[in-house]
**Student:** 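Sending over a structure as structure tokens; questions will come in a sec.
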Amino acid sequence: MLFEVWAPSARNRVMLALNGTNHPLERDAERDGWWTGVVPAEDGDRYGFALDHRPVLPDPRSRRLPDGPDGLSAVVDHSSYVWRHESPRLRLRSAVLYELHVGTFTPEGTLDAATARLGELAGLGITHVELMPLCPFPGVRGWGYDGVAPWAVHEPYGGPEALKRFVDAAHGLGMGVVLDVVHNHLGPSGNHLPSFGPYFTDTHHTPWGAAVNLDAPGSDEVRAYFLGSALAWLRDYRIDGLRLDAVHALADTRALTFLEELSSAVDELAKEQARQHFLIAESDLADPRTTTPRTLGGLGVHAQWNDDFHHSLHTALTGESQGYYGDFARAPIAALTKTLTHVFFHDGTYSTFRGRRHGRPVDRERTPAHRFLGYAQTHDQIGNRALGDRLSASLSPGLLACAATLVLTGPSVPMLFMGEEWGAHTPWQYFTDHTDPELAEAVRRGRRREFAEHGWSENEVPDPQDPATRDRSVLDRTERERDPHKRLLAWHRQLIALRRTLPDLTDPDLAGVKVAFDEESRWLVFRRGDLRVAVNLGKEPAVIPLGSNGRDRVLAAWDPVDAPGADGVLRLPGESAIVLTDG
């Protein structure tokens, strides 16, 4: 077996430690900084690399870390897994995504336990399961954004084989799998990459410290490292798409950016494998160039999360106005209207939160709606609240139904956060399992200090290191059997079925979306083809002049509602939603 490692930090020698035996590697004459050697090895064999006379470290490209990030690597033979199902050919245009955290989706918190529940999601009508990060991190519990081994699967979740079983089962049920990957930083503990080479640079600084080296000396190999790991998920695990965490935090000044290289490589792999691979970016830039095709001068990412839609919807539902919600809360129904029709609320407008103008307009005539994802809740928007409280903690079932209606019938690709479909009352809190006591205490103090500044008592903020914080965040499926959860679940299922069967709901024409609203009465109605969707966020019944032809039919209604009569007026109860057709 060929063992190789990029280790420009090594001056004199690199030793392969394999099953307790040392084997010297040779410098690669063709590739600067690379060391290679051929040594017999089998699946599961433990190994690591010792640079010069320093301690043995795991392989930076470890495919498996059975004992965690500080232990030895294990050989993985990807060809040994026998795949049972082909990847379904699913288009992003018609997708309904479901964000899932393996560690809290079930009490067991493993991939195999999640696999056993995939039938529930298929029955709901989900097309793609979006897994939060799976890369190894110290400890057992965590969100996954402090991973330190971008080529491996967290062992407490089940390791590589469990991920393959999950993907295989999802494909067998006709669903795709999206994996959340983090290229903008690595975790602070268990990160051994700096011992091998210039994986990080002080040229730029990020909220997590030194930036990943994408443009300083040595960055060619660093970029290849992250590109290779991304393609490995798609190739070795048959993952269908990748969600790219916080691409605005990628410090990259090169003419050809890392995102362009990645999107090009993913497109090439998709052609090679005749599969539907795609990239979804999380970006705070409100810049349509992120998802503009490379041939038109963009970065070529296939879609991106749209937080502006979330923020406008959140303020319209809750009335919250703190922090970045402030701009949206001034006229939340108008803000929601803008994000339904123009995608970004800040498209060159002044952002009081930032103290400057922000964003760039989307070309509605040329940009398809499926370039953007719309959602009412995500792991970030729930988990970064002091108590990790979901919308269900403060909103009526009717308002939750309105939120579902706007997400699932709107022009963007819809995404749900696990449990949202039944209005789960379990919180989703910030939890960690740092094995470094100093780091654990620093995170605990920092979390409490952050929310104390916003008026929370330190005693109210859950301790991230307490196992009970994770346990509180585990879904309670017994809720689904009783109202209002049961009714909300049926509503989500009905709306997803409409999206699957009515072409107007997956029409990519942004310019064709027409909206009317009343800020004071808190109602909004939008048209997509022959369909009209109306929500009343106010407590009182709303009288909505649809100007219809009297032939409207009700396709779905949260409360019993008659279709408009000859006067073209819809009388919609408070905190309710309806989908009609005049076709």
Side-chain angles (χ1 to χ4, degrees), residues 90-99 125-128 130 176 178 241 243-244 263 276 278-283 285-293 295-296 298-313 335-347 359-376 378 403-416 495-517 524-535 577 579 581 583:
L90 301 169
R91 295 187 303 168
L92 193 57
R93 170 177 169 174
S94 54
V96 178
L97 281 79
Y98 188 93
E99 189 184 20
I126 298 300
T127 66
H128 293 79
E130 182 176 307
V178 180
R243 184 262 190 187
L244 310 176
S263 67
Q276 300 287 324
F278 56 83
L279 299 172
I280 302 172
E282 178 196 22
S283 175
L285 300 178
D287 186 352
R289 289 176 293 190
T290 301
T291 58
T292 298
T295 54
L296 298 176
L299 302 183
V301 178
H302 306 95
Q304 73 164 82
W305 283 23
N306 183 12
D307 274 354
D308 279 12
F309 173 78
H310 168 273
H311 297 346
S312 62
L313 177 56
L336 185 54
T337 295
K338 184 173 182 180
T339 59
L340 282 169
T341 55
H342 290 74
V343 183
F344 297 140
F345 177 77
H346 286 302
D347 53 6
R360 184 185 183 99
V362 170
D363 185 341
R364 300 169 64 220
E365 301 291 338
R366 302 174 63 188
T367 307
H370 57 259
R371 294 285 185 215
F372 308 97
L373 269 64
Y375 38 84
T378 69
T405 305
L406 290 164
V407 168
L408 291 168
T409 65
S412 298
V413 174
M415 184 180 74
L416 305 175
L495 292 175
I496 292 173
L498 288 179
R499 190 172 188 94
R500 184 171 59 245
T501 56
L502 299 175
D504 283 340
L505 290 182
T506 53
D507 186 345
D509 182 15
L510 274 171
V513 180
K514 308 299 182 183
V515 183
F517 68 95
L524 178 149
V525 57
F526 63 88
R527 181 164 193 148
R528 303 189 66 196
D530 293 330
L531 301 178
R532 301 183 199 223
V533 178
V535 297
V579 181
T581 179

**Student:** Kindly compute the distance separating CG (L90) from OG1 (T127), expressed to the nearest 0.5 Å.
**Tutor:** 6.0 Å
**Student:** Going through the checks in order, is the side-chain contact (heavy atoms from CB on, under 4.5 Å) test met by L524 and L406?
**Tutor:** CA-CA 10 Å; L524 178 149; L406 290 164; 4.2 Å; yes
**Student:** Determine yes or no for a side-chain-to-main-chain donor-acceptor pair under 3.5 angstrom, with R364 supplying the side chain and L510 the backbone.
**Tutor:** yes
**Student:** Taking it one step at a time, do V407 and L313 satisfy side-chain contact (heavy atoms from CB on, under 4.5 Å)?
**Tutor:** CA-CA 9 Å; V407 168; L313 177 56; 4.1 Å; yes
**Student:** Please test F526 against K514 for side-chain contact (heavy atoms from CB on, under 4.5 Å), starting from the C-alpha separation and ending with a verdict.
**Tutor:** CA-CA 5 Å; F526 63 88; K514 308 299 182 183; over 6 Å; no
**Student:** Hey, is the main chain of T506 close enough, under 3.5 Å, to the side chain of R93 for a donor-acceptor pair?
**Tutor:** yes
**Student:** Listed by chain and number, what are the ring pair (Phe, Tyr, Trp, His ring centres under 6.0 Å) partners of H311, not counting sequence neighbours?
**Tutor:** Y324, Y325, F328
**Student:** Could you tell me whether the side chain of R371 and the main chain of H302 form a donor-acceptor pair under 3.5 Å?
**Tutor:** yes
**Student:** What residues, two or more places apart in sequence or in another chain, satisfy salt bridge (Lys or Arg N to Asp or Glu O under 4.0 Å) together with R499?
**Tutor:** none
**Student:** Compare every heavy atom of V362 with every heavy atom of P288, then report the nearest pair and how far apart it is.
**Tutor:** CB-CG2, 4.0 Å
**Student:** For D347, check side chain to side chain contact (heavy atoms under 4.5 Å, CB included) against everything at least two apart and list the hits.
**Tutor:** K338, F344, T349, P361
**Student:** Hey, is the main chain of V525 close enough, under 3.5 Å, to the side chain of R532 for a donor-acceptor pair?
**Tutor:** no
**Student:** Closest approach of T378 and M415, non-hydrogen atoms and distance?
**Tutor:** CG2-CE, 3.8 Å
**Student:** Using salt bridge (Lys or Arg N to Asp or Glu O under 4.0 Å) as the criterion, list what pairs up with R289, not counting sequence neighbours.
**Tutor:** D287
**Student:** Is it true that a side-chain atom of Y375 and a backbone atom of D307 form a donor plus acceptor pair closer than 3.5 Å?
**Tutor:** yes
**Student:** How far does CD of E282 sit from CD of Q304, to the nearest 0.5 angstrom?
**Tutor:** 10.0 Å
**Student:** Just verifying a value: how many Å separate W305 CH2 and E130 CD, rounded to the nearest 0.5 Å?
**Tutor:** 5.5 Å
**Student:** Search all heavy atoms of V96 against all heavy atoms of G125 and return the closest pair with its distance.
**Tutor:** CB-O, 4.3 Å
**Student:** Which atom pair, heavy atoms only, marks the closest approach of P411 to A369?
**Tutor:** O-CB, 3.1 Å
**Student:** Closer than 3.5 angstrom, by distance alone: can the side chain of D308 be matched with the main-chain N or O of T339 as a donor-acceptor pair?
**Tutor:** no
**Student:** Quick one: does any side-chain atom of S263 pair with a main-chain N or O of L299 as donor and acceptor, under 3.5 Å?
**Tutor:** yes
**Student:** When rounded to the nearest 0.5 angstrom, what distance separates CZ in F345 from CG in N306?
**Tutor:** 12.0 Å
**Student:** Is there a donor-acceptor contact under 3.5 Å from the side chain of R528 to the main chain of T409?
**Tutor:** yes
**Student:** Using every non-hydrogen atom in the two residues, find where S412 and L373 come nearest and quote the distance to one decimal.
**Tutor:** CB-C, 3.9 Å
**Student:** When rounded to the nearest 0.5 angstrom, what distance separates CG in L408 from CG in L416?
**Tutor:** 5.5 Å
**Student:** Working to the nearest 0.5 angstrom, can you tell me the gap between L502 CG and T581 OG1?
**Tutor:** 7.5 Å
**Student:** Do you know the tightest heavy-atom contact between I280 and L97?
**Tutor:** CD1-CD2, 3.8 Å
**Student:** Are L495 and V579 packed together at the side-chain level, in the sense that at least one heavy-atom pair is separated by less than 4.5 angstrom?
**Tutor:** yes
**Student:** List for me each residue that meets ring pair (Phe, Tyr, Trp, His ring centres under 6.0 Å) alongside F309, sequence neighbours excluded, and say none if there are none.
**Tutor:** none
**Student:** What pairs with H310 under ring pair (Phe, Tyr, Trp, His ring centres under 6.0 Å), at least two apart in sequence or on another chain?
**Tutor:** H314
**Student:** Assert yes or no for the condition that the ring centre distance of H128 to F278 is strictly below 6.0 Å.
**Tutor:** yes
